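Working notes, beginning with the structure itself.
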Amino acid sequence: MFEYCADPKILEGFQWWSCYLTTVKHMNFYTSFLVVFALLAATVPIILVFGFAGAIARRSRFAPLRWLGWIYTSMVRGVPDIIFFLFVPIAMDQGIEYLRHQVKCSDWAEPIRQGNDFVVCAAAKMPLSISPNWVHETYGFFLAALAFAIVFGAFAANTIHGALGAVPHAQLETAAAYGMSRRQVFRRIQLPQMWVYALPGLSNLWMILIKATPLLFLLGVEDIVYWARELGGTKTSRFAYPHPDWRLGYFLVLMVFYLGLAWVSEVFFERMMKRLTQARGMSEATQ
Amino acid sequence: MSCVQTFADYGFRALGIGERALPKTDITLCEQVVLIGSGMFWNIYFALLALLLGFVAASLVAFARNSTRAILWRPAAIFIFILRGSPLFLQFFLIYETFVLLPKVGFDLNLGFVDITVETRWLTRAWLGALIVLFLNTTAYTAQIFYGALRSVPKGEIEAALAMGMTPNQINRRIIWPTMLRLAWPSYTNEAIFLFHATALVFFSSFPAWQQKGDALYYASYFADKTFNPFVPYPIIAVFFIAFTLLIILIFGFFQRRLNRHL
């Protein structure tokens, strides 16, 4: 980074630190904080879509769809999220490769599962083995984000389902009495009113989502936990910047980052709740 | 090999009893079910002990948080904020690293009839180290739930108890604490379920599984790696977790009815 960093061995004090903290690996560490925000930005819209789909399915008049919605929203209560995070990416990966294999290599005679191996033809590999590294990484990130969206979508569906039910019935009946169709009542009355009831649950969900982001590391994404372990580990004198085991320090930095994120979110949601309840003339006691 | 034989070999593998080597080739469905089931021992061990210890500690922290004395409520608030505001996954890492850095020493503890040597090395083992992390985590979450309930205890009940001539201590024990439990119980049930699910993280984060004695997820992911087929081990572990989650709901429902039997 700086010119005097050319020979790290002779550096001391402030200069050593300024060089140490600006190495290429540290720059990767700093940008990996963006991975956390990228995951949040990528998953939140999908979570809301899944949440709405699940909630609407649960309220459907068509029984099988209702059961499907119920299964989707109940499964996250019975099974730890970490199991979904491990299962969904690999299951999706194999599922996609299986389908591509069926389409592209229909003349392939051997079975796909050979003992402990999962073998598809080269053309069916996803992504193709000749693709550059960033494609592989992006694909992995995409699958991880999908796993997050499926799990948290189910939580959101629970909340939205409850919130839709919490809208006062008299209002819906009044709207029906005015001659609105079922669809109109839903769009014009129920949906806009629902938000204030859903907000406490959704803000809680956001907090849980933030705290689940370090699990990305377990899915093989190079996130902040990965870099903290990488950089913090003991560096012998063969390295340019030798130091003992500093992982504790790096994890403390991550801890402060997450505490800050939690604190900012808490303040934000408090303000938003105040606004929503004021605008509607509701006291907070009714929440 | 019959399934009965498999059970004899691997039924208590998670405790280190039975066959030492894990199955490597020709893995049968029976082996997967038995080994993952044996791993559930650790999940239940962590959940049960952390919940029991956490319940007592959380009651104390909640009363401290509700206190008007700054020396009590401030530390309680900070404790709750730090443990609720940061990911459990990082707490595992952080505390494990701290325990690893501790000097390796032993303390002799005289229990009257036996002398046992308490070693700091134990802290780096999952059975103690991870238990401490889970205990602290659930204490913070439960304390927050209890604190919310404490604030909603009806003033009238406390005033009535005062009028009856109860001492503050009696009021705390006989009026406030039971009412707090009654109000907090549904949320506390949720916390118990979350904690039980969180136990799946123990061997997956930082605590090494010593001699391959791990929890259910440790074995499930072992099989998924070996067979490269996620569609068998993960549904098995899911069924185990669903069964025990239903059991938790049942047990907590029983207490819920006992708490509210006068209503």
Side-chain angles (χ1 to χ4, degrees), chain A residues 74-95 113-119 207-218 224-225 228-229 232 244-266 285, chain B residues 24-27 43 81-101 152 190 193-202 204-206 216-217 220-221 223-231 233-246 248-249:
Chain A
S74 318
M75 71 179 188
V76 291
R77 262 181 77 82
V79 183
D81 48 3
I82 177 74
I83 292 179
F84 286 105
F85 296 154
L86 292 175
F87 174 74
V88 172
I90 181 167
M92 288 294 291
D93 188 36
Q94 292 195 355
R113 287 209 182 278
Q114 300 172 3
N116 288 345
D117 268 327
F118 180 84
V119 186
M207 294 300 210
I208 301 176
L209 179 65
I210 292 176
K211 285 179 271 178
T213 49
L215 294 176
L216 268 182
F217 165 69
L218 297 179
I224 44 178
V225 181
R229 275 168 64 112
D245 190 347
W246 279 356
R247 276 181 290 186
L248 193 60
Y250 279 92
F251 282 127
L252 276 173
V253 171
L254 296 195
M255 198 84 153
V256 169
F257 167 70
Y258 276 105
L259 285 175
L261 209 54
W263 186 72
V264 168
S265 316
E266 220 163 89
Chain B
K24 287 205 174 59
T25 47
D26 299 324
I27 293 165
N43 297 96
F81 174 71
I82 289 180
L83 280 145
R84 284 182 79 240
S86 62
L88 174 63
F89 184 64
L90 277 188
Q91 292 166 17
F92 271 125
F93 266 124
L94 201 73
I95 296 185
Y96 178 72
E97 292 302 332
T98 315
F99 286 161
V100 168
L101 291 180
S152 342
N190 273 337
I193 294 172
F194 266 110
L195 175 72
F196 180 55
H197 289 180
T199 59
L201 274 176
V202 170
F204 232 82
S205 39
S206 19
L217 186 60
S221 71
F223 285 127
D225 276 352
K226 282 272 179 271
T227 63
F228 209 60
N229 181 0
F231 296 96
Y234 290 129
I236 292 173
I237 189 176
V239 169
F240 272 116
F241 266 102
I242 289 171
F244 279 104
T245 304
L246 289 177
I248 292 176
I249 293 173

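Proteins come first, then strands; the chains are lettered A, B, ... in the order of their sequence lines, and each starts at number 1. This is a predicted model, so every value here is computed, not measured. Because only heavy atoms are used, hydrogens play no part in the values below, and waters and symmetry mates are left out as well, while side chains stay in.
Counting heavy atoms from C-beta on, the side chains of Leu201(B) and Leu215(A) come closer than 4.5 Å. Within the 4.5 Å cutoff, the side chain of Phe228(B) has heavy atoms near those of the Gln94(A) side chain. At a threshold of 4.5 Å between non-hydrogen side-chain atoms, the residues Leu86(A) and Leu217(B) count as touching. No side-chain heavy atom of His197(B) sits less than 4.5 Å from a side-chain heavy atom of Val79(A). Counting only heavy atoms from C-beta outward, the side chains of Phe89(B) and Val225(A) approach each other to under 4.5 Å.
The nearest pair of heavy atoms linking Arg84(B) to Lys211(A) is O-NZ, 2.7 Å. Heavy-atom minimum distance, Pro80(A) versus Phe241(B): CD-CG, 3.5 Å. Closest approach of Gly78(A) to Thr245(B), counting heavy atoms only: O-OG1, 3.2 Å.
When heavy atoms are compared at a cutoff of 4.5 Å, Leu248(A) approaches chain B by way of both its backbone and its side chain. Interface residue Val76(A): only backbone heavy atoms are found under 4.5 Å from chain B. The contact between Leu218(A) and chain B is made entirely by side chain atoms (from C-beta outward), counting heavy-atom distances below 4.5 Å. Neither the backbone nor the side chain of Leu246(B) comes within less than 4.5 Å of any heavy atom in chain A. For a residue to count as touching a neighbouring chain, one of its non-hydrogen atoms must lie under 4.5 Å from one of that chain's; by this rule Phe81(B) touches chain A with backbone and side chain alike. Interface residue Arg77(A): backbone and side-chain heavy atoms are both found under 4.5 Å from chain B. Contacts of Tyr250(A) with chain B are absent, with no heavy-atom separation under 4.5 Å from either backbone or side chain. With a threshold of 4.5 angstrom between heavy atoms, Met207(A) does not approach chain B through any atom at all. With a 4.5 angstrom heavy-atom cutoff, Ile193(B) touches chain A only via side-chain atoms.
Here OG of Ser221(B) is found 10.0 Å from CD1 of Ile83(A). Values are rounded to the nearest 0.5 Å. To the nearest 0.5 Å, atom CG of residue Leu252(A) and atom OG1 of residue Thr98(B) are 7.5 Å apart. Rounding to the nearest 0.5 Å places CD1 of Ile95(B) at 12.5 Å from CZ of Phe251(A).
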Taking distance alone, no hydrogens or angles, what donor-acceptor pairs closer than 3.5 Å link side-chain atoms of residues 256-265 of chain A to residues at least two apart or in another chain?
{"from": "Tyr258(A)", "atom 1": "OH", "to": "Thr213(A)", "atom 2": "OG1", "distance (Å)": "2.9"}
{"from": "Ser265(A)", "atom 1": "OG", "to": "Trp206(A)", "atom 2": "NE1", "distance (Å)": "3.1"}
{"from": "Ser265(A)", "atom 1": "OG", "to": "Leu261(A)", "atom 2": "O", "distance (Å)": "2.6"}

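Ala198(B) pairs by the side-chain contact (heavy atoms from CB on, under 4.5 Å) definition with Leu88(B), Leu134(B), not counting sequence neighbours.
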### Task
Run the numbers on Phe93(B) and Arg229(A) for side-chain contact (heavy atoms from CB on, under 4.5 Å), then give the verdict.
CA-CA 10 Å; Phe93(B) 266 124; Arg229(A) 275 168 64 112; 2.9 Å; yes
### Message
Using the rule given for ring pair (Phe, Tyr, Trp, His ring centres under 6.0 Å), can you reason through Phe84(A) versus Tyr234(B), listing the C-alpha separation, both sets of side-chain angles and the distance that settles it, and then say yes or no?
### Response
CA-CA 8 Å; Phe84(A) 286 105; Tyr234(B) 290 129; 9.9 Å; no
